[in-house]
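Reviewing the structure listed below.
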Amino acid sequence: MPTLDVAGKTIALNEEGFMEHPEEWDKAVAVALAEREGGIEELGPEHWAVIEYIRGFYLENELAPMVRKMCQTTGCTLKHIYELFPSGPAKGACKLAGLPKPDGCV
Amino acid sequence: MKNMSPRKRNPVECLPLATGSQEKARGDDLASVYDRRLKTYDPAGDNVRKFLDLLAVRINRSLAVSLVACVHCGMCVDSCHYALTHPGDSTMTPVYKADQIRRIFKRRLDWTGRIVPWWVHAATPASDEDLNRLKNIVFGTCSACRRCTLNCPMGVDTASLVRFTRGLLTELGIVPEGVFNVSRDEWETGNQMAVTPLDYLGTLQWMRDDLRTDPKLSGLEIPVVRPDCDFMYTINPREIKFDPRSIAQAAKIFHLAGERWTLPSAGWDQTNFGMYSGDDRLGGYIARNLYEAAVRLRAGRIVISECGHGFRSTRWEGYTWAEYDQNIPSESVVRTLKRYLKEQRIRVDKSKNALPVTFHDSCNIARSGGMTEEPRWVLNEVCSNFQEMHPNRTENYCCTGGGGLLSMAEYRPLRLESAAVKARQLEATGAKLVCTMCHNCVDGLNDVVKHYKLDMKIVQVLELVENALVY
């Protein structure tokens, strides 16, 4: 099982790099996950807006939000989401927000 | 490119049965658990006996032929990407995987195994651990791509044996957690990502409004429940939940072609995890929802968006699972695109897609669906530099994410190891774009490209056609 070392903590990941224990998430973990994922130079304010929205939605509903809500809440276009997170909303944005792997064909 | 390393033993054999989601589903009093459509694991459930009883009830003539016809010639070994990337490891061969159900069949139902069990290696599972081990083999070491089936001189359908065995285990709740979760969502909500009706309509409206910002598309509609249309369009829930770009591309092309089309309000999910889990009841439930929607809307035909297992389950297998008369024709959207191009209902400029592009045949569309030429015809119309991949068509290698494997993260390391053969095949094309007509293949191939550090982008047919449009 892969792990991620962040500021002295060991974070367990699943085989696809999603967090095994989403409650361990914090911003430092998101930065480390972004480095591991690749394709993102630095997490900027737009990245954080999307990540924080997804995180909040997940804590309230225990599931990943629709990409429509990610876009409409943060003011990002769909195209821009893919520019911010090259792996896409599920495998990119949701992963960085510390969500477990979404179910289904993703 | 990574080196292939032979393994001594099957690397997934020891994975335990994860039941966290099952316990939660029982605790949540889900209707599908209560009325036993969705099965959960019961440690005191006398599972070995149930497994053997079910095997005897469900076995049919074509499965029995596949069980007795194997002569262990080994031809399947050279067909399988797991076996090719693990030389010397017999547990990675199709024949080994099929033998795990074959030996149980022989012990219980075939005369050879009753009289000379040691000769035919007949044996029955002794415990739930044995059943769990069987689960790891049939779910974790086979993508059900059917390449071995096509190349078997005896006609042994190993992938059908794998699906059959998956179905027996699903009845006992002995399934990977990912498969359980998706089955739960399908039973509970009618679609595999638990998309609500409001979210479905909201996303369609969003895409419509987005497209209308183009002044040339100001009259564009994404119609829902419009009766008497030429076709009813059906999609993969991920197109709603995570990536509606493909819906926008399709809607734009349909609009420019002057199509009369509609989406249904329910029964729009053309994917079907019953196919992966081997649960014909779930398969029939999902397929029936879709067929009935087409009848309700009096649609001229059913058009299936770019999805491999969705195409196979909706166009072929679903009618059997649902015991439903096939009286409305169905087709892949790629065939619809071919019609538009042929009848010049849309205009394209192929120089807009100038990068070298190759085509990856989805197993469920080419090998199991018989459709190989239409996508090539379309790509040659909309791309200026098309290059064939070898082998191709019905002999193509799996994206390695088939058979539901993308939803089972626990088997991912073995899957990516086995993808070395796919990576070499992709690299040899020299293409920059890999086009495929399956969402699952998009993700499977993206994993391969990333893992083996190939400089390639994965695209779909709709995307390339939309990019080439002149309007």
Side-chain angles (χ1 to χ4, degrees), chain A residues 1-3 12-23 36-40 50 53-54 57-58 61-97 99-106, chain B residues 21 24 177-186 191-196 198-200 202-207 210 236-245 248 269 271 273 276 307-310 401 404 406-416 438-440 442-444 446-447 450 453:
Chain A
M1 197 68 84
T3 55
L13 304 177
N14 84 349
E15 299 292 359
E16 220 177 317
F18 284 87
M19 288 181 74
E20 281 284 319
H21 309 291
E23 66 281 2
R36 191 177 185 277
E37 187 64 18
I40 302 174
V50 175
Y53 169 70
I54 294 174
F57 186 93
Y58 170 73
N61 304 285
E62 279 187 59
L63 56 95
M66 312 278 295
V67 68
R68 173 176 65 95
K69 289 182 182 155
M70 289 178 209
C71 289
Q72 290 178 342
T73 311
T74 61
C76 249
T77 61
L78 185 56
K79 188 162 169 268
H80 196 47
I81 289 269
Y82 278 85
E83 287 160 0
L84 292 173
F85 303 96
S87 308
K91 291 187 171 184
C94 288
K95 186 185 280 180
L96 267 49
L99 271 60
K101 183 184 183 304
D103 296 322
C105 282
V106 285
Chain B
S21 293
K24 187 167 184 314
E177 197 152 28
V179 174
F180 178 85
N181 292 348
V182 180
S183 305
R184 173 201 63 209
D185 288 344
E186 287 196 324
N191 72 79
Q192 67 148 290
M193 289 187 185
V195 172
T196 65
L198 207 60
D199 281 335
Y200 172 69
T203 300
L204 296 177
Q205 197 178 9
W206 175 42
M207 285 297 104
D210 206 43
N236 181 327
R238 68 183 252 150
E239 296 182 74
I240 294 287
K241 179 130 189 175
F242 293 120
D243 192 358
R245 292 177 301 180
D269 180 1
T271 70
F273 254 60
Y276 295 150
C307 175
H309 92 277
L406 286 179
S407 64
M408 309 174 223
E410 61 270 46
Y411 305 127
R412 181 182 162 93
L414 176 66
R415 172 163 78 78
L416 289 177
C438 167
H439 295 110
N440 199 88
V442 168
D443 282 358
N446 266 324
D447 284 348
K450 206 166 173 182
K453 300 185 171 50

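What's counted below: heavy atoms across the whole structure, side chains too, no hydrogens, waters or symmetry copies.
For a residue to count as touching a neighbouring chain, one of its non-hydrogen atoms must lie under 4.5 Å from one of that chain's; by this rule A:Pro102 touches chain B with the side chain only. Looking at A:Phe18, there are no atoms closer than 4.5 Å to chain B (heavy atoms on both sides), in backbone or side chain. Within the 4.5 angstrom heavy-atom criterion, no atom of B:Leu416 approaches chain A. In this structure, no portion of B:Thr271 lies under 4.5 Å from any heavy atom of chain A. Contact of A:Thr77 with chain B is not made at all, since no heavy-atom distance falls under 4.5 Å. Contacts of A:Ala64 with chain B are made by both backbone and side-chain atoms, with heavy-atom separations under 4.5 Å. For B:Tyr411, no part lies near chain A; criterion is any non-hydrogen pair under 4.5 Å.
Atom NZ in B:Lys241 sits 9.0 Å away from atom CG in A:Asp103 (nearest 0.5 Å). Interatomic distance, B:Met408 CE to A:Glu15 CD, rounded to the nearest 0.5 Å: 14.5 Å. Atom-to-atom distance recorded for A:Lys79:NZ and B:Asp210:CG is 11.0 Å, nearest 0.5 angstrom. A:Ile81 CD1 to B:Arg245 CZ: the interatomic distance, rounded to the nearest 0.5 Å, is 11.0 Å. Rounding to the nearest 0.5 Å gives a distance of 4.0 Å between CG of B:Asp199 and NZ of A:Lys69. Distance OH/B:Tyr200 to CE/A:Met66: 11.0 Å, rounded to 0.5 Å.
Few gaps surround CD on A:Glu23; more than 12 heavy atoms of other groups in view lie less than 6.0 Å from it.
The only option from B:Asn236, B:Leu406, B:Asp443, B:Val442 that meets the side chain to side chain contact (heavy atoms under 4.5 Å, CB included) definition with A:Cys105 turns out to be B:Asn236.
The two atoms that bring B:Asp243 and A:Tyr82 nearest to each other are CG-OH, 2.9 Å, heavy atoms only. Shortest non-hydrogen contact noted between B:Ser407 and A:Gly104 is CB-O, 3.8 Å.
Residues B:Arg412 and A:Asn14 are not in side-chain contact: their nearest non-hydrogen atoms beyond the backbone lie 4.5 Å or more apart.
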